Student: 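Have a look at the structure that comes next, please.
Just so it is clear: chains get the letters A, B, ... in the order the sequence lines come, proteins before strands, and each one is counted from 1. Everything quoted here is computed from the prediction, not taken from an experiment. Just so you know, these numbers use all the heavy atoms, side chains as well, and skip hydrogens, waters and symmetry mates.
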Number of protein chains: 2
Amino acid sequence: MKEEVSTEELIINAARKVFTTRGYNGARMQEIADEAGINKAMLHYYYRSKDKLFDIIFDEAVDKLMLRINTVFEAQGSITDKIAVIVDMYITTLSDNPYLPLFVLHEMSQHSDRIVKRFMAKPNFPNIQLFLDEVNKEIKQKKIAKIEPEQLLINVLAMCVFPFVAKPLIQGVLRKDDVAYKVLLEERKRSVVKFINAALAI
Amino acid sequence: MKEEVSTEELIINAARKVFTTRGYNGARMQEIADEAGINKAMLHYYYRSKDKLFDIIFDEAVDKLMLRINTVFEAQGSITDKIAVIVDMYITTLSDNPYLPLFVLHEMSQHSDRIVKRFMAKPNFPNIQLFLDEVNKEIKQKKIAKIEPEQLLINVLAMCVFPFVAKPLIQGVLRKDDVAYKVLLEERKRSVVKFINAALAI
DNA sequence: ATTAAATTTAACCATTTGGTTAACGATACA
DNA sequence: TGTATCGTTAACCAAATGGTTAAATTTAAT
């Protein structure tokens with residue numbers, strides 16, 4: 001008795017693969033159908049249009065990118081501890097979904113108005129203020145060095161996300177194959193945390 | 001006597017705008033023609049095909065991204081001094097060409113094989129080894145803290161480039177309009193340099 | 001001024017692509 | 001068993017798109 005996968009699921013899985021790797025403009029309904037092993041008309045039978053299907057995949061991608069950031073922010077502990085958790089979470093999650101960030105960022109830059117609104121309306125939209133306030137608090141308490149909280153946030157995100165956005169570039173420059181790149185990313189978890197801690201040390 | 005702009009130039013300027021904002025797949029030959037204020041057939045008369053035109057724009061974009069990095073590397077001075085120069089150069093250049101990095105990274109991730117080769121064959125391809133060696137040297141001399149040179153390089157690039165790749169996202173999260181974002185980027189020049197210096201301090 | 005070459009345009013063409021339709025087959029229900 | 005609903009397919013359609021062509025116009029050379 002083999003596991004049955006519903007046609008809906010076949011389609012979503014195929015659409016995820018095609019949309020995230022090719023982008024909206026590069027994605028072809030026929031390729032999604034082929035990838036799912038079904039007839040093209042089925043895509044429209046289940047999901048109406050390319051746009052509708054794309055919205056589902058994009059929303060799902062955004063959700064995955066949000067992680068459980070709020071959970072981390074709302075937890076107890078120092079800001080450096082929280083950053084350590086976030087860095088680890090990001091690099092781990094993105095290692096399993098390497099196409100996510102470039103996909104989301106590229107689509108956002110194209111339809112910024114339509115999409116950014118959707119993005120911020122999400123219920124699990126990270127509560128950034130919590131992070132910013134806490135950084136300021138610890139600065140006042142002389143627990144960490146002085147820094148603009150917004151800049152720190154960008155630094156953390158940048159160092160986590162960039163290696164996935166720029167993978168082919170970095171691989172070219174450093175001449176690493178996929179295996180070596182995996183290793184570099186694994187090492188990166190502790191390297192980035194150490195780097196941030198040193199930068200924030202007083 | 002008005003300034004004459006050759007048709008070739010009109011086309012290249014239009015193509016640059018359309019390709020970098022829409023990407024290869026989103027770019028339309030008709031839109032390039034309209035943007036240039038000429039007939040669509042002229043595009044083919046001067047540049048044969050969409051592919052040929054794209055290659056020119058992409059190469060040009062890559063060149064701009066390379067900056068004069070080698071010049072910096074080959075210059076005298078400590079590694080932290082060089083990093084300070086690079087950070088300033090990058091944020092300044094990208095502020096004037098905000099679409100460049102996402103454009104290049106997105107296209108690279110799609111045609112990585114075909115394009116990455118072109119990329120590395122460039123005569124002004126940055127000589128990374130110089131940077132890596134120098135970092136190791138200063139670590140041995142106890143001038144900077146211990147760090148994997150490759151990770152440091154990624155950190156520097158990440159913090160410079162990410163704000164441009166993720167502009168709409170960051171603007172949404174931090175609720176900044178374009179003016180406020182310009183300010184944030186300007187502050188960022190010294191903020192990032194200070195951050196890196198603190199992280200590398202012994 | 002005449003002619004040849006270069007430049008520009010409108011009309012056209014073939015292919016691709018998202019989407020539709022009508023018929024066919026399976027499944028469930030009476 | 002008949003029939004209605006759901007799932008699936010092949011064939012088809014209209015619009016979009018990269019590219020071509022042949023004629024018209026401008027520019028340059030003799």
Student: Of the nucleotides D:dA10, D:dG18, C:dT7, which has the atom closest to the A:Ala41 side chain?
Tutor: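 Of D:dA10, D:dG18, C:dT7, D:dA10 is nearest to the side chain of A:Ala41.
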
Student: Less than 4.5 Å apart, side chain to side chain, heavy atoms only: is that true for B:Phe162 and A:Asn155?
Tutor: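 They are not in side-chain contact.
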
Student: At less than 4.0 Å, is any side-chain N or O atom of A:Tyr45 found next to OP1 or OP2 of C:dT21? Yes or no.
Tutor: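 Checking A:Tyr45 against C:dT21: no side-chain N or O falls below 4.0 Å of OP1 or OP2.
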
Student: Kindly say if A:Thr7 contacts the phosphate of D:dT8, meaning a side-chain N or O under 4.0 Å from OP1 or OP2.
Tutor: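 For A:Thr7, the contact criterion (side-chain N or O under 4.0 Å from OP1 or OP2 of D:dT8) is met.
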
Student: Base, sugar-phosphate, or nothing for A:Ala27, non-hydrogen atoms under 4.0 angstrom?
Tutor: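 If one applies the 4.0 Å heavy-atom cut-off, A:Ala27 turns out to touch the sugar-phosphate alone, with no base involved.
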
Student: With the side chain of A:Lys50 defined as its heavy atoms from C-beta on, choose the nearest nucleotide among C:dG19, C:dA10, D:dT9.
Tutor: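 The answer is C:dG19.
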
Student: Hey, which of these two, A:Gln30 or B:Asn39, hits DNA chain C nearer its 5' end, going by closest nucleotide?
Tutor: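 The residue mapped nearer the 5' terminus is B:Asn39.
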
Student: D:dT17 P sits how many Å from B:Ile32 CD1, rounded?
Tutor: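 One finds 12 Å between P of D:dT17 and CD1 of B:Ile32, rounded.
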
Student: Does the side chain of B:Pro101 come within less than 4.5 Å of B:Leu94's, by heavy atoms?
Tutor: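 Yes, at least one pair of side-chain atoms sits under 4.5 Å.
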
Student: Can you tell me how far P of D:dG18 sits from NZ of B:Lys52, to the nearest Å?
Tutor: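 Result: 16 Å.
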
Student: At under 4.0 Å between heavy atoms, what does A:Met42 touch on the DNA or RNA strands: base, sugar-phosphate, or nothing?
Tutor: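 Since a base atom lies under 4.0 Å of A:Met42, the category is base.
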
Student: Rounded to whole Å, please give me the gap between CZ in B:Arg48 and C1' in D:dT21.
Tutor: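 Computing the B:Arg48:CZ to D:dT21:C1' distance gives 15 Å.
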
Student: Rounding to an integer number of Å, can you tell me how far A:Leu10 CG sits from D:dT8 C1'?
Tutor: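 Going from CG in A:Leu10 over to C1' in D:dT8 covers 13 Å.
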
Student: Distance criterion of 3.5 Å, no angle test: do you see the side chain of B:Lys40 paired donor-to-acceptor with the base of D:dG19?
Tutor: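 Yes.
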
Student: Can you confirm whether more than 12 heavy atoms, excluding those of A:Lys176, are under 6.0 Å from its NZ atom?
Tutor: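 Count over threshold, so yes.
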
Student: To the nearest Å, give me how far apart CD (B:Glu9) and C1' (C:dT7) are.
Tutor: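 After rounding, the gap between these two atoms is 17 Å.
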
Student: How about B:Arg188 and A:Glu150: do any of their side-chain heavy atoms sit closer than 4.5 Å?
Tutor: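 When only atoms from C-beta onward are counted, A:Glu150 and B:Arg188 do not touch, as no gap falls below 4.5 Å.
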
Student: Nearest whole angstrom, please: distance from the C1' of C:dA10 to the CD1 of B:Ile38.
Tutor: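 The answer, rounded to whole Å, is 14 Å.
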
Student: Would you kindly check if the NZ (Lys) or CZ (Arg) of B:Lys50 is within the cone defined by 45 degrees around the ring axis of B:Tyr24 and under 6.0 Å from the six-membered ring centre?
Tutor: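 Yes, cation above the ring, under 6.0 Å and within 45°.
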
Student: Looking at C:dT7, D:dT20, D:dT8, which one has an atom nearest to any side-chain atom of B:His44?
Tutor: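 Within the option list, the nearest is D:dT20.
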
Student: Rounded off to whole Å, could you give me the CZ-to-C1' distance for the B:Arg28 and D:dG19 pair?
Tutor: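 Going from CZ in B:Arg28 over to C1' in D:dG19 covers 14 Å.
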
Student: Can you figure out which of C:dG18, D:dG19, C:dA10 approaches the side chain of B:Ser49 most closely?
Tutor: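 Given the options C:dG18, D:dG19, C:dA10, the side chain of B:Ser49 is closest to D:dG19.
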
Student: Compare the minimum distances between each of D:dA10, D:dG18, D:dT8 and the side chain of B:Met29, then state the nucleotide with the smallest one.
Tutor: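 Between D:dA10, D:dG18, D:dT8, the one nearest the side chain of B:Met29 would be D:dG18.
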
Student: By the 4.0 Å heavy-atom rule, please label A:Tyr47 as base, sugar-phosphate, or nothing.
Tutor: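 No contact.
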
